[in-house]
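Below: one structure, written as structure tokens.
Values in this document were obtained by computation on a predicted structure and should not be read as measured data.
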Amino acid sequence: MDKALDTPAAPPGPRTSDFLARLVAGALLLTGAGWLVRAVWEIRLYSAGEPASGLPDQGDGVHRPLTSLENSYHLVSTAGSVLTLLCAAAFLMWLGRVRDNARALSGRPPKYAGIWVYLGWVVPVVNLWFPRGIVADAYRASAPERRLPAVVNVWWGLWLAGLLGGFLQQEDADSVIGRAYSEIGPLLVADLAVAGAAGRGR
């Protein structure tokens, strides 16, 4: 019998991820800037104060015409959302590549199944620690003699602050505008936390 048939296939070697890493770094920078611009617009709304005509959402499905400032916030918010989605797609591609490379370098299977690279961010409860765990597991597999850098915990802490602060709440732009007029504090905390997480993620 041919011995080659009995020899298990070698695991694929690490794949270069330099270009993808640079792409993600740029996307994170732009996304962080987008959330900072959003925070600036919310401060502008708060400073301008609620118009005499009331909130954009008047209730019972009635919406008044937007002011120029409110309309520009819609544009800023939409641009930030598009940047965030594009950044998320690039980041997930990079994270999957890092996980695969760590497996190739260490020769051991990852702690988390591959599906959690994607679902770990959206499944309730586990999204509070799975993504950090995937990053930490990949780092430890590729550099077992080194301690996990503190920046990983800083990044994840900022992300959780933004998450729990409400930036993922299902609110339309008019609802956020209403909150900016009356309770800007939580909005700014969430915006700055997400921007900080994007900066540390680089």
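Remark: the backbone N or O of Leu69 is paired with a side-chain donor or acceptor of Ser72 at under 3.5 angstrom. At distances below 3.5 Å, at least one donor-acceptor pair connects side-chain atoms of Gln58 with backbone N or O atoms of Leu55. Without hydrogens or angle criteria, Asn127 side chain to Val125 main chain gives a donor-acceptor distance under 3.5 Å. Remark: side-chain polar atoms of Ser142 are paired, donor with acceptor, to backbone N or O of Ala138 under 3.5 angstrom.
To the nearest 0.5 Å, atoms OG (Ser182) and CG (Leu45) are separated by 11.5 Å. The structure places CG of Leu187 at 4.0 Å from CZ of Arg179, a figure rounded to the nearest 0.5 Å. Within the model, atoms CE of Met93 and OH of Tyr118 stand 8.5 Å from one another, a figure rounded to the nearest 0.5 Å. Within the model, atoms CH2 of Trp35 and CG of Leu188 stand 12.0 Å from one another, a figure rounded to the nearest 0.5 Å. In this structure, the separation between CG on Asn153 and CG on Leu158 is 11.0 Å, given to the nearest 0.5 Å. Distance check, rounded to the nearest 0.5 Å: CD of Glu50 to OH of Tyr181 gives 7.5 Å.
Side-chain contact check for Asp172 versus Val176: every heavy-atom pair is 4.5 Å or farther apart. Between Asp191 and Leu36, the closest side-chain pair of non-hydrogen atoms is not below 4.5 Å. Two residues are said to be in side-chain contact when any heavy atoms from C-beta on lie closer than 4.5 Å; Ile134 and Lys111 fail this criterion. Taking the side chain as every heavy atom from C-beta outward, Leu28 and Cys87 approach each other to under 4.5 Å. Within the 4.5 Å cutoff, the side chain of Arg38 has heavy atoms near those of the Tyr73 side chain. Taking 4.5 Å as the limit, every side-chain heavy atom of Trp116 sits out of range of all side-chain heavy atoms of Pro131. Under the 4.5 Å side-chain criterion, counting only non-hydrogen atoms from C-beta, Ile177 is not in contact with Asp57.
Criterion: ILVMFWY side-chain heavy atoms under 4.5 Å apart, direct or through other members. Under it, Leu128 and Phe130 are part of a common hydrophobic cluster. A chain of hydrophobic side-chain contacts below 4.5 Å, direct or via other Ile, Leu, Val, Met, Phe, Trp or Tyr residues, connects Leu92 to Val123. Clustering ILVMFWY residues whenever any of their side-chain heavy atoms sit less than 4.5 angstrom apart, transitively, puts Leu163 in a cluster other than the one holding Leu85. Residue Leu75 is not grouped with residue Val82 when hydrophobic side chains (ILVMFWY) are merged at heavy-atom distances under 4.5 angstrom, including chains of intermediate members. With hydrophobic clusters built from ILVMFWY side chains whose heavy atoms lie under 4.5 angstrom apart, Leu95 shares a cluster with Leu23.
Under the side chain to side chain donor-acceptor pair (under 3.5 Å) criterion, Tyr112 pairs with no residue, sequence neighbours left out. In this view, Arg140 satisfies the salt bridge (charged side-chain N to carboxylate O under 4.0 Å, His left out) rule with no residue, not counting sequence neighbours. With sequence neighbours left out, the salt bridge (charged side-chain N to carboxylate O under 4.0 Å, His left out) criterion links Arg108 to Asp137.
Residues Arg99 and Ala113 approach most closely at NH2-C, 3.5 Å, considering heavy atoms. The minimum heavy-atom distance between Val152 and Val135, with the atom names listed, is CG1-CG1, 4.3 Å.
A cation-pi arrangement, defined by a distance under 6.0 Å to the six-membered ring centre and an angle within 45 degrees of its axis, is present between Arg44 and Trp41.
By the 6.0 Å contact criterion, OH on Tyr139 is enclosed, its count of non-hydrogen atoms from other residues, nucleotides or ligands being greater than 12.
Taking the six-membered ring where tryptophan is involved, the planes of Phe91 and Trp121 are perpendicular, since the angle between them exceeds 60° and thus also 30°.
Comment: Arg64 engages Glu70 in a salt bridge, judged by a side-chain N to carboxylate O separation of less than 4.0 angstrom.
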